[in-house]
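Beneath this line is the structure, given in structure tokens, with notes to follow.
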Number of protein chains: 2
Amino acid sequence: MDLIGTKWKPQVLFHLLEGPQRSGVLQQTMPGISNKMFTQTVRELEQDHLLTRTVYPVVPPHVEYELTALGQSIKLILCELDEWGKLEE
Amino acid sequence: MDLIGTKWKPQVLFHLLEGPQRSGVLQQTMPGISNKMFTQTVRELEQDHLLTRTVYPVVPPHVEYELTALGQSIKLILCELDEWGKLEE
DNA sequence: GCAAGTACTTACCAAACGGTAACTAAGTGA
DNA sequence: TCACTTAGTTACCGTTTGGTAAGTACTTGC
């Protein structure tokens, strides 16, 4: 599982730190990501057991993403990466 | 500067945490990296001001890579990533 | 019955990535 | 004179990546 080495995975995880988000909202927090990349990324993160995908059987569809305990465990790293990234601007 | 989002940059930095290394030795610590990728990676890290490249004018060539202060500043993150990576095996 | 709304999925295509292998450089020692 | 040594560059080419745009699904409200 290369968490690093991917462009979007860390960003998705970072945005989920504050709590569960529904699909569309989460995607909008990441300008520049395409529809295809977004679904691909969250699918992989789900396979990595870093987040859960909950589908509510309603119409129109409602899907929520939430960090697993494992996903939460990288909170510190993600925050530090964020902090460090800000220094370099 | 996307430090994450690349496969090799973090690895190069991690291996330099222990101190300066000469080119060939550093490359050998990373099995799987090709010659091309290695030079490309260190060149970019140099442009990012994360490491310095010192060329000793001798024959055969002797080149050393060393972290800059900026490079040192991500030590904590690299170590945590390493720790976390071990958990997931 | 028809559009709206949300979350995808797929086919197609261009661009980027990355590996291999051959090549350069230049002083030393046999 | 010639191979050895270390570091790096380059051309070529296959593979992977990733964007666009169109299509699927299904219920509610007009």
Side-chain angles (χ1 to χ4, degrees), chain A residues 1-68 71 85, chain B residues 1-68 71 85:
Chain A
M1 168 197 332
D2 37 17
L3 173 60
I4 55 171
T6 66
K7 184 175 180 181
W8 295 112
K9 281 186 181 182
Q11 280 196 58
V12 170
L13 295 175
F14 185 74
H15 286 297
L16 283 179
L17 282 180
E18 294 154 22
Q21 298 249 338
R22 65 181 300 183
S23 186
V25 176
L26 179 58
Q27 188 169 353
Q28 280 168 24
T29 60
M30 296 183 290
I33 196 172
S34 69
N35 198 289
K36 179 184 173 180
M37 274 299 95
F38 177 74
T39 43
Q40 188 175 310
T41 302
V42 290
R43 285 294 187 284
E44 289 175 8
L45 286 170
E46 193 187 2
Q47 285 176 7
D48 295 339
H49 305 291
L50 289 171
L51 55 74
T52 55
R53 178 170 176 269
T54 308
V55 181
Y56 297 93
V58 295
V59 166
H62 184 137
V63 175
E64 291 221 334
Y65 295 101
E66 183 172 13
L67 290 186
T68 61
Chain B
M1 171 199 328
D2 38 15
L3 173 60
I4 54 170
T6 67
K7 184 176 179 180
W8 295 111
K9 283 186 179 182
Q11 280 197 58
V12 170
L13 295 174
F14 185 73
H15 287 297
L16 284 177
L17 283 181
E18 292 153 24
Q21 297 251 337
R22 65 181 297 184
S23 187
V25 177
L26 179 58
Q27 188 171 351
Q28 279 167 25
T29 61
M30 294 184 290
I33 196 171
S34 69
N35 197 287
K36 178 184 174 181
M37 273 298 94
F38 177 73
T39 43
Q40 188 176 308
T41 302
V42 290
R43 284 293 187 284
E44 289 175 9
L45 286 170
E46 194 186 1
Q47 285 177 6
D48 293 340
H49 306 291
L50 289 172
L51 55 75
T52 56
R53 179 171 174 268
T54 309
V55 181
Y56 298 93
V58 295
V59 165
H62 185 136
V63 175
E64 291 221 335
Y65 294 101
E66 183 172 13
L67 290 186
T68 60

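A search for side chain to side chain contact (heavy atoms under 4.5 Å, CB included) contacts involving B/Pro10 returns A/Ile4, B/Thr6, B/Leu78, not counting sequence neighbours. Residues that satisfy the side chain to side chain contact (heavy atoms under 4.5 Å, CB included) test with B/Val55, not counting sequence neighbours, are B/Arg53, B/Val63. A/Pro60 meets the side chain to side chain contact (heavy atoms under 4.5 Å, CB included) test with no other residue; sequence neighbours excluded.
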Distance-only donor-acceptor pairs under 3.5 Å for side chains of residues 24-36 of chain B, two or more places apart:
residue, atom, partner, partner atom, Å
B/Thr29, OG1, B/Leu26, O, 2.5
B/Ser34, OG, B/Met37, N, 3.3

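The residue A/Tyr65 sits close only to the backbone: its heavy atoms come under 4.0 Å of sugar-phosphate atoms, none of a base. Within the 4.0 angstrom heavy-atom criterion, only backbone atoms of the sugar-phosphate kind lie near B/Ser23; the bases stay farther away.
Where the helix from C/dG1-D/dC30 to C/dA30-D/dT1 starts and where it ends, the local axes point in directions that differ by 20°; five pairs per end, rounded to 10°.
Screening residues 2-33 of chain A for ring pair (Phe, Tyr, Trp, His ring centres under 6.0 Å) gives no qualifying pairs among residues at least two apart or on separate chains. For residues 44-64 of chain B, the set of pairs meeting the ring pair (Phe, Tyr, Trp, His ring centres under 6.0 Å) definition, not counting sequence neighbours, comprises B/Tyr56-B/His62. Annotation: salt bridge (charged side-chain N to carboxylate O under 4.0 Å, His left out) contacts involving residues 37-47 of chain B, sequence neighbours excluded, comprise B/Lys9-B/Glu44.
Two residues, A/Phe38 and B/Pro61, neighbour DNA chain C, and the one matched to the more 5' nucleotide by heavy-atom proximity is A/Phe38.
Within residues 24-35 of chain B, the residues having any heavy atom under 4.0 Å from DNA chain D are, by residue number, B/Gly24, B/Asn35.
Taking atom NZ of A/Lys36 as the reference point, atom P of D/dT17 lies 10 Å away to the nearest angstrom. For A/Lys9 and D/dG18, the NZ to C1' distance is 16 Å, given to the nearest whole Å. To the nearest angstrom, P of D/dT10 lies 12 Å from CD of B/Gln40. Here D/dA21 presents its C1' atom at 15 Å from CE of A/Met37, a figure rounded to the nearest Å.
Here CD of B/Glu66 is found 5.0 Å from OG1 of B/Thr52. Values are rounded to the nearest 0.5 Å. Put simply, CG on A/Leu67 and CG on A/Leu50 are 8.0 Å apart, with the number rounded to the nearest 0.5 Å.
Looking at B/Val12 and B/Leu51, their side chains come closer than 4.5 Å, going by heavy atoms from C-beta outward.
On the nucleic acid side, DNA chain C has its first and last nucleotide under 4.0 Å of a heavy atom of chain A at C/dG5 to C/dT9, going 5' to 3'.
In this structure, A/Pro61 and A/Arg22 approach most closely via the heavy-atom pair O-NH2, 3.3 Å.
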